[in-house]
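Letters A, B, ... are given to chains in the order of the sequence lines, protein chains preceding strands, and every chain is numbered from 1. Excluded from the calculations below are hydrogen atoms, water molecules and symmetry mates; all remaining heavy atoms, backbone and side chain alike, are included.
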Amino acid sequence: MAYKVCIIRAPGTNCDRETALCIGSLGIEAEVVHVKRIMDGQTHFSDFDGLIIPGGFSFGDHVRAGALLGKILKERFGDELVQFSADGKPILGICNGFQVLVECGLLPGRGALGALTTNLSSHFECRWVDLKVEESDCIFTRGLRRGIRLPVAHGEGRFLVTEGELQEMTEANQLVFRYALEKGEAAGGSYPENPNGSVEDIAGICNKAGNVFGLMPHPERAFYRFMHPRWTKSDDADSWGDGYKIFKNMAEYIRR
Amino acid sequence: MKWEVRISYKKGVLDSEGESTLSGLKTLGFNNVDNVKAAKVYLIEGNLTRRDVEEMCERLLANPVSQDYSISEVK
Amino acid sequence: MKWEVRISYKKGVLDSEGESTLSGLKTLGFNNVDNVKAAKVYLIEGNLTRRDVEEMCERLLANPVSQDYSISEVK
Amino acid sequence: MAGPISLDVDDTGLIAISRDMQLSLSLEEMKALKSHYHALGRSATGIELETFAQTWSEHCCHKTFRGEVEFEGRTISNLLKTTIAKVTADLNPDWCFSVFEDNAGIVDFDGDTAIAFKVETHNHPSALEPFGGAATGVGGVIRDILGVWGEPIANTDVLCFGPLDYPYKRLPAGMKHPSFIYKYVTAGIGHYGNNMGIPTVNGAIYFDESYVGNPLVYCGTVGLVKKSRYKRVIKPGFSMILAGGKTGRDGIHGVTFASVDLSTEQERSVVQIGDPIEEEKVRRAVIEIRDQGLGSAITDLGGGGLSSAIGEMTELGGCGADVHLERVPLKHPGMLPWEIWTSESQERMLVCAPVDDVEAILGVFADEEVEAVVVAEFTEGESLRLMHTDTVVGEINVPFLFGTNIRTLRVATQPERSFSEPSVRSTDPGADLRALLAMPNIASKENVVRTYDHEVKAQTVLKPLQGLDGPGDAAVLKPLFDSYKGVVISNGMNPEYGKIDPYHMAACAIDEAIRNNIAVGGRRIALLDNFCWGNPERPDRMWGLVRASQACYDVALEFETPFISGKDSLYNETELGPITPTLLISALGVMPDIRRAVSMDLKETGNKIFIVGATKDELGGSHFYKLKGSLGKNVPKVNAREAKASFDALTKAIDSGCVRSCHDLSEGGLAVAASETSFAGGLGIELDLDKIPRKGELSTEKLLFSESQSRFLVETCDSAAFEKAMAGTVFSEIGRVTGDKRLRITAGTATVLNIDINRLKGSWKNGL
Ligand SMILES: Nc1ncnc2c1ncn2[C@@H]1O[C@H](COP(=O)(O)OP(=O)(O)O)[C@@H](O)[C@H]1O
Ligand SMILES: [Mg+2]
């Protein structure tokens, strides 16, 4: 049986193609679906084995980044998505997708609240960052141990949660990626290593079960080594980039 | 002194934030909304005259070609 | 009816836009500015009660973790 | 003006009509109209005159470049055809798919895939409303790519501003300060490109006092075309579909017939704020229509709005059309027919299709939530009929509209100027180098570059910042999933040299664009020219334009690099005077395998450093002289024949795999290039000036800072292989990569400078 992942898009989503190519190259069928088709009832989330919310500027990121798409998903398809996640199907939100997951309440977790707000620099920023991979149950980062490098490109990536929820998330091993110094330890808020001022240098989080994952960096822009900004220094242009493993894990998990 | 500066788009200039907020609200079921306009507000404190604040608007905060600004004192 | 919704950062959440505007103004020589806060305003028209507008804020316009909102009627 | 306008008046009357309706038509043109309408035996209508004004405007038909120029006692007719386009005609390369014809130039790439490239300027709107002006500039050139059925894959931007520290006191009233323009122009470019998900991969920022009040905003887009889907067929009976944003009173030039009341006047804003999300939806729909094989022709709506787009379509089809203006979706109710016809509202495209395709095309637009309507039908004959509801408001003869050729005559006279070489010395070369690195034109543009997404689409293999954030020479993209073929994009521009000599300025811009491309591994290069100039009616400006065009012919021919498209923006003058004539050359190269791409950062201790090309006493217009407050005289000159041989050899060297890094020498010369490659690699470098191949006697500072063209600094891991590839060209081993982090330059045994590379990087990073 062919497994299928839904890459959901709204007007302004713009990383759907490259994201589909990544998961698609791993033997999973990737279908890019306009959210309108879900709203019209032509397509259902339940037809898929996984969901990716890719990067971009859904609905122009008006109101707040990811807010409009997030609230539409929450209010119109909240129950369906909660069920989707409860069934253990993987959900990946990249950049704008992470913002959408937070706005629709699938991250940090059901009922709990978070926000991804304007970068401390107050502007959009595109750069590669070092990430520390934390101990977690996140199914997307299985086998990732050492630090990795991925690019970020966003204006609203400063993750905020209340004190209490942060503690709960930490205890439940929901922190997955933290912005790090080149040597590997967490950035401690220092700029530009932490590019946006996120609390606790948080770059990516998952739900308690580990099958819903949102991150600001773009793994699809680090799928092959030749996407890395310093690939010309070595001669392994052909090998995988640091983002590959995230999609590979997703594919393997779906086929489990 | 505390001043409030409000920057909005001039009539006829596209307010895409207002437009998409309107359609977002409708999608969420607020069918009685007819119109939404977005604007930006700066609250500026300091030992400043109205003339100073006007100058700030002209030199940095607003573009007179596409935006209107209004200034009011906050008591 | 016409309502004005104002969205601002919660206390304790750094208002990066306000900060960068402050430093921009200082660079331009406005040395008397002490503080700048940025906020967003929506002017919403329609047959709406205050309760409707509150609901809009809770359901879409404001994020409870990072933002406060206030509503006033525009006459 | 609803009523007919009689052209049966004398010359003064004609001039008055042109002036009052703001048609910008010359007396000759008005007279041609007069006799045309006389023959027709009727008066003109307002909308008809508007159409002639648009179609015959400088913007649409390039009067200066296609007109006649008196130059050095002879008459050049059609500068474009006899210089720029002639390069392409003479070379006639079989890989040029479409040149100087459509909205963008198109060259072959890989099988059925071709590459389209276009660069436009958006200067005046950006002076008025920098954010909106720059954003709509980006949006406009993206539509040029959509307008050849191309899928946009990358943007470039080259920006020219006044000095950021220009005194406020000296600004004329109403003129915006360069720092305001700089801030909002860069924000506008980032906003549009980022939101549309098109990476901004390459560009430049340049400062000069002449750009105060008249910034230059060059926006370019590269796209992929499927040759088998490139269609331009128009036949009577076909329909024209207008799709995208609503049409409003934006950017209507020809102000006013009947007196306008205040409220409408307010709506008619001169500037527009583009909506990238709308254009992103339009992009998806257009590509889907293309891929489904629907539609028969396409074009964008830019200057002149519907009047230009539909007019050009009828000309292309050799037919007429019935246009139903009341069907156009409007932003502002009650717009008059002529306003609808000439509105320049953004984010609109025009698709032509046989009737059988129309339903399906409308369906694709609807799927993307893009408004689309059939606005016109092509008809037999040659009449462009404009209708509003059931009234015919205008009827224009298409052959007359496009065939009337009133040649503009310009005069070119060389201005009398004299130049001299200063006698400046460098008593502290290290301090001078640091000062150079901090000069705004040389300093790091990272603060701007990082506000643009240069990675979206995940195809950017060589990025604008390379190694430890060094300045890359060119961007390399890998646009196809299943091929390692690369697209290489670079720029060249040297306004400073033009202050001395426009001919050599143009030659250097071409050399720079090409050598940037060569440096990373690009080849089979196509060029775009983009002239921003002052008023061409002034003989001195016109003389420079002719000389620069002549250089384009001479040099590009020698390099065997055809021009495939271009643009001119003239009349860039304000009360502060004309801008420094500015020619941007954009280069589009390809490479067979991106895994061979070479970045500019040093890679490994012990590798040898070579310089390619000869160094000469050419500091006229150099940044070293500028630093010392002089302009000089000895402007760099290009020996294109020698340069081509050495570029070809370097390409061979790169393909052999022995080149580990390569950086071109430009502003600031050898010393600046060495600093950049070194701090970008985080490694030291040791150079001996005595080993530099040169022409004539050169002092130390001239060796360090000369801006002679066609030169590179190359790091190789295999000197023998490199020397073999380069045999027969001018090059020399001048140093090596060192493990310490110092730039050490000697002249034989004497130390010229010895500086920590991080100090150099500090100066460079904090210059802006
Ligand atoms: N100065 C120029 N140099 C080279 N080509 C030019 C120049 N001006 C116009 N062209 C060519 O003429 C064609 C039409 O140009 P233009 O009228 O600017 O098109 P558009 O309005 O679609 O931008 C383009 O393909 C362009 O290549
Ligand atoms: Mg065009």
Heavy-atom count around [X] [atom1] within 6.0 Å, excluding the residue itself: above 12?
X	atom1	answer
B:Glu73	CD	yes
B:Lys40	NZ	no
A:Asp79	CG	no
A:Arg17	CZ	no

Task: Engaged part of A:Leu68 at the chain B interface, taking heavy atoms whose separation is under 4.5 Å - done: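 The side chain, not the backbone.
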
Open item on the list: Test side chain to side chain contact (heavy atoms under 4.5 Å, CB included) on A:Met39 and B:Thr27; report intermediate values, then the result.
Closed with: CA-CA 10 Å; A:Met39 296 206 277; B:Thr27 313; 4.1 Å; yes

Task: Value rounded to 0.5 Å, distance of NE2 in A:His62 from OG1 in B:Thr21 - done: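 That separation rounds to 7.0 Å.
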
Open item on the list: So, taking the atom named CG in B:Leu25 and the one named NZ in A:Lys71, what distance separates them when rounded to the nearest 0.5 Å?
Closed with: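 It is 12.5 Å, given to the nearest 0.5 Å.
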
